[in-house]
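Single-structure report; data block below.
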Amino acid sequence: MRVLLVEDDPALGSAVRDYLARDGHAVDWVERAGAARACLPGNYAAIVLDLGLPDGDGLALLPDIRRQAEPPAVLILTARDRLSDRVRGLDAGADDYVVKPFDLPELAARLRAVARRRAGRHAPVIELGALTIDPAAHVVARDGCPVDLTAHEYALVVALAEHPQRVLTRTQLEDTLYALDRGTVSNVVEVYVSRLRRKFGAGAIRTVRGIGYQWGAVDGDGGKARP
Ligand code: CA
């Protein structure tokens with residue numbers, strides 16, 4: 001998913017960005033509240049928000065974030081560990097609150113949990129007919145058999161399958177794949193869609209003409225071809 005990281009500590013910021021990128025997320029990292037505000041709205045599924053920023057308090061961003069049509073999940077990441085700070089952060093609209101120092105795997109797990117709640121999902125595993133996706137293990141399976149996917153193919157499957165009732169535009173899907181420094185991308189979504197159709201069947205992803213793409217159906221015959 002696409003994540004905005006707002007953190008002014010260079011070492012911590014790059015460590016979090018790199019870890020989340022390895023976990024399959026497209027991460028935009030900014031170090032100031034003003035830069036974060038300039039990124040909004042931005043098709044983010046989640047925002048990891050430091051509170052002590054050089055140009056203001058991260059909490060001041062929450063109203064702007066909440067005003068979006070589809071507000072991202074917000075996970076506060078801060079050294080402020082008093083009970084009153086945590087209560088204030090959560091009451092201001094944050095979905096979770098992590099106190100520094102913290103472990104990167106826990107941050108990634110909490111991010112998955114808030115994203116899950118945001119998507120209205122309770123189960124940690126996504127099940128759609130013959131398809132199952134386990135975001136914690138990064139495993140996509142068809143009829144119980146793991147399917148080999150590249151990081152970008154995986155990100156695209158998760159984006160589409162997490163909201164099977166929605167049509168996602170090409171821009172939204174590009175945002176899932178690339179951070180802001182994406183450079184020039186052209187037709188990349190089409191390329192991955194056709195690769196995924198080869199792996200899951202032509203009906204797995206529907207093209208909605210003039211709008212974008214929607215998850216379709218995966219036939220349950222994936223296992224039969226195997227010995
Ligand atoms: Ca800070």
Side-chain angles (χ1 to χ4, degrees), residues 1-119 124 135-136 138 151 155 158-159 162 171-172 174-183:
M1 62 188 179
R2 189 155 194 232
V3 178
L4 177 63
L5 168 64
V6 190
E7 169 61 64
D8 64 304
D9 182 302
L12 184 61
S14 68
V16 171
R17 180 197 54 193
D18 293 350
Y19 190 89
L20 295 180
R22 276 201 302 277
D23 208 28
H25 305 297
V27 184
D28 294 330
W29 171 30
V30 295
E31 301 182 29
R32 290 171 177 269
R37 199 168 269 120
C39 287
L40 300 176
N43 281 335
Y44 294 106
I47 299 184
V48 178
L49 182 63
D50 180 25
L51 296 186
L53 296 167
D55 57 340
D57 189 324
L59 275 187
L61 287 169
L62 277 170
D64 290 335
I65 296 168
R66 291 287 151 216
R67 254 198 299 278
Q68 295 181 48
E70 288 184 68
V74 177
L75 190 149
I76 289 176
L77 189 62
T78 179
R80 296 181 197 165
D81 62 350
R82 287 180 313 184
L83 174 65
S84 57
D85 288 323
R86 296 201 298 271
V87 168
R88 204 157 66 94
L90 293 168
D91 278 347
D95 298 276
D96 201 355
Y97 196 104
V98 175
V99 175
K100 298 171 186 172
F102 60 93
D103 290 313
L104 288 167
E106 183 185 351
L107 175 71
R110 284 178 179 272
L111 206 54
R112 284 193 292 274
V114 295
R116 196 160 69 220
R117 289 198 294 271
R118 177 180 175 272
H138 259 237
V158 172
E162 192 148 54
T171 308
Q172 285 172 321
E174 280 172 358
D175 285 346
T176 300
L177 299 177
Y178 296 99
L180 277 181
D181 53 1
R182 65 180 69 171

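Remember, it's 1-based here, ligands and their atoms both numbered in the order they're listed.
A salt bridge does not link Asp9 with Lys100: every distance from a Lys NZ or Arg NE/NH1/NH2 to an Asp or Glu carboxylate oxygen is 4.0 Å or more.
Atom OD2 is the N, O or S atom of Asp50 at the shortest distance from the Ca ion (ligand 1). Shortest distance from the Ca ion (ligand 1) to Asp8 is reached at OD1 (N/O/S atoms only).
The Ca ion (ligand 1) does not have Leu51 among its coordinating residues (no N/O/S atom, backbone or side chain, under 3.0 Å).
Side-chain contact between Leu20 and Leu111 is present, with heavy atoms from C-beta onward closer than 4.5 Å.
Applying the 6.0 Å contact sphere to CZ of Arg88 captures no more than 12 heavy atoms from other residues, nucleotides or ligands.
Side-chain contact of Asp28 with Tyr44: a donor-acceptor pair under 3.5 Å is present, judged by distance alone.
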